[in-house]
Every structure is written in C-alpha cells, then in structure tokens.
Amino acid sequence: MMICHSSMRELEVDGVVITTPIIDIIYDIKEQLDNGKLSKIKQMDEYIMFTCPNKEHAGGHETRPSCGVYVGDNLDKEYGFMHCFTCDAKGSFYHFVALCFDITDDEAKRWLIEKYGNSIFQERNILMGEIPLKNKKEDTLDISVINNYYDWHPYLDKRR
C-alpha cells in the first residue's frame, strides 16, 4: 500500500539517503512481520501512528496505536524519530526497525541501507566531485565537462 505525504524531507542512515517514504517502509515491514507487531497503522498530522513494537509494552502486541514516527516538516524535530506516547520508548527510525524485527540497531541500519539506500545517487555524487568552472565571473562550464555527464539524466542526453 502506497500513501503519499507532503513532506519533502528524506531519511538518512549512516550518510546514506533513503528516498522511499517512511509510510511505505512501515507497511513493508508490517508485511514481513509474523510476530503480530504493527497490527494497526494510520497517518495523523505529522506522525505515522501504529501499535508500539516495544516488547516491554504489552509484549509488543498492544491494540491501539500509541507509538508514532515523525514525518513532518519541522526542522527542529528529527525526521523519522519514533516515540511511544504510552511507554515512552524513543529512538531513531532504525531503532524502530530494530524493535520490529527484534534485531540490533546496527543490523537495522544495514537492513535499511541494503533495502532502501539510494546507492546510485550516492555513488554519482562521489564520482562527480567538484565541476571546474571555465570563467567564475560568467559561471559557465567547459563543454568537455558537460559531455562527461550527459548520459546520467535523460534530460541532459536529450538536450546534449
């Protein structure tokens, strides 16, 4: 199930950008679970609410959504931060993933990066580096520099 939300923020795990919306990741996690966690999920304002996956909270099988992940646009709040408003469990999004799968935070980070990491984008940013300008006053690029990258995006290929 895909649900769109208006937030333009992206999740970052160990320097890797994850562009998949958090709501989609949560539904994907729910489909993979066979332990009864995340039995109810709903979007409410700036939070995605769900039943708390913390095993210390009703054994991880509560019946009403009391835990939320922040997906709002307020830059003062950590995007993807999990907080249970009942048992006070808190943590980054990867900690939420760890609670769902009963794994360590490091294993959850690896899972997120392997499954959702935008590695092509990351590799291209590293490969491109700084593009030298021909004349800094005019802000123009030497055509030989542009030719190295025209096939990285259909628009550049089309426009040559």
Side-chain angles (χ1 to χ4, degrees), residues 1-131 139 149 151-157:
M1 173 187 243
M2 292 274 217
I3 297 177
C4 295
H5 59 86
S6 62
S7 178
M8 299 307 283
R9 295 175 70 185
E10 294 174 335
L11 189 63
E12 190 175 312
V13 177
D14 283 350
V16 176
V17 175
I18 296 180
T19 57
T20 304
I22 287 177
I23 187 79
D24 295 342
I25 297 172
I26 292 173
Y27 275 110
D28 190 24
I29 291 169
K30 180 181 178 175
E31 288 177 16
Q32 295 181 46
L33 294 175
D34 59 2
N35 57 14
K37 293 181 180 179
L38 304 182
S39 62
K40 295 180 183 174
I41 301 169
K42 62 182 178 177
Q43 184 136 9
M44 295 180 62
D45 301 318
E46 297 183 319
Y47 287 88
I48 298 167
M49 300 296 295
F50 39 82
T51 51
C52 184
N54 184 4
K55 62 184 171 188
E56 310 300 320
H57 181 167
H61 305 288
E62 72 169 335
T63 57
R64 291 185 182 183
S66 65
C67 191
V69 169
Y70 183 75
V71 292
D73 293 325
N74 184 341
L75 298 178
D76 292 332
K77 293 184 178 183
E78 181 183 339
Y79 185 70
F81 189 80
M82 176 206 74
H83 179 222
C84 179
F85 298 96
T86 301
C87 75
D88 205 35
K90 295 177 183 174
S92 296
F93 189 72
Y94 59 81
H95 183 66
F96 158 74
V97 172
L99 289 174
C100 289
F101 290 121
D102 296 319
I103 59 178
T104 67
D105 284 359
D106 286 337
E107 291 170 318
K109 285 179 185 180
R110 281 193 301 275
W111 183 85
L112 282 165
I113 290 169
E114 287 172 11
K115 188 151 176 88
Y116 300 103
N118 198 347
S119 60
I120 293 172
F121 177 75
Q122 296 293 327
E123 289 169 14
R124 287 186 177 175
N125 276 348
I126 292 167
L127 289 174
M128 285 182 71
E130 187 177 328
I131 298 174
D139 286 341
Y149 304 104
D151 64 334
W152 283 22
H153 192 280
Y155 175 80
L156 293 175
D157 187 29

Considering residues at least two apart in sequence or located in another chain, which fulfil the ring pair (Phe, Tyr, Trp, His ring centres under 6.0 Å) criterion with His95? none
Flag if over 12 foreign heavy atoms under 6.0 Å of NZ, Lys115: yes
Do you know the tightest heavy-atom contact between Cys100 and Ile29? CB-CG2, 3.8 Å
Heavy-atom check, side chain of Thr51 versus side chain of Lys30, under 4.5 Å: no
Side chains of Leu112 and Val16, heavy atoms from C-beta outward: is any pair under 4.5 Å? no
Looking at residues at least two apart in the chain, or sitting in another chain, which of them share a side-chain contact (heavy atoms from CB on, under 4.5 Å) with Asp88? His83, Lys90
Name all residues meeting the ring pair (Phe, Tyr, Trp, His ring centres under 6.0 Å) criterion together with Phe93; count only those two or more places apart in sequence or in a different chain, and write none if there are none. Phe96
Glu114 meets the side-chain contact (heavy atoms from CB on, under 4.5 Å) criterion, sequence neighbours left out, with Arg110
Listed once per pair and sorted, the salt bridge (charged side-chain N to carboxylate O under 4.0 Å, His left out) pairs that draw on residues 14-23, sequence neighbours left out: Asp14-Lys109
Given Lys37 and Asp102, is the side chain to side chain contact (heavy atoms under 4.5 Å, CB included) satisfied, shown in steps? CA-CA 11 Å; Lys37 293 181 180 179; Asp102 296 319; 2.9 Å; yes
Ala89: which residues meet the side-chain contact (heavy atoms from CB on, under 4.5 Å) condition with it, sequence neighbours left out? Asn54, Met82, Cys84, Cys87
Rounded to the nearest 0.5 Å, what separates atom CG in Leu11 from atom CD1 in Ile22? 5.0 Å
Residues passing the side chain to side chain donor-acceptor pair (under 3.5 Å) test with Glu12, sequence neighbours excluded, are none
To the closest 0.5 Å, what do you measure between CG (Asp45) and OH (Tyr70)? 10.5 Å
Taking the side chain as every heavy atom from C-beta outward, state whether Tyr79 and Val71 have any atom pair closer than 4.5 Å. yes
What's the spacing between Tyr116 OH and Ile25 CD1 if we round to 0.5 Å? 5.5 Å
According to the salt bridge (charged side-chain N to carboxylate O under 4.0 Å, His left out) rule, which pairs have a member within residues 76-85, sequence neighbours left out? none
Just to verify, what does Asp105 make a salt bridge (Lys or Arg N to Asp or Glu O under 4.0 Å) with, not counting sequence neighbours? none
Calculate, to the nearest 0.5 Å, the distance between atoms CE and OG belonging to Met49 and Ser66 respectively. 6.5 Å
Any side-chain heavy atom of Phe101 within less than 4.5 Å of one from Leu33? yes
In chain order, what residues pass the ring pair (Phe, Tyr, Trp, His ring centres under 6.0 Å) check against Phe81, with sequence neighbours excluded? none
Distance in Å, Asp24 CG paired with Ile18 CD1, rounded so as to fall on 0.5 Å steps: 12.5 Å
Nearest 0.5 Å, what's the CG-CZ distance between Asn74 and Arg9? 7.0 Å
Looking at residues at least two apart in the chain, or sitting in another chain, which of them share a side chain to side chain donor-acceptor pair (under 3.5 Å) with Thr20? none
Considering only heavy atoms from C-beta outward, does the side chain of Ile113 approach that of Tyr94 to under 4.5 Å? no
So, using side-chain contact (heavy atoms from CB on, under 4.5 Å) as the criterion, who are the partners of Arg64 when residues are at least two apart? none
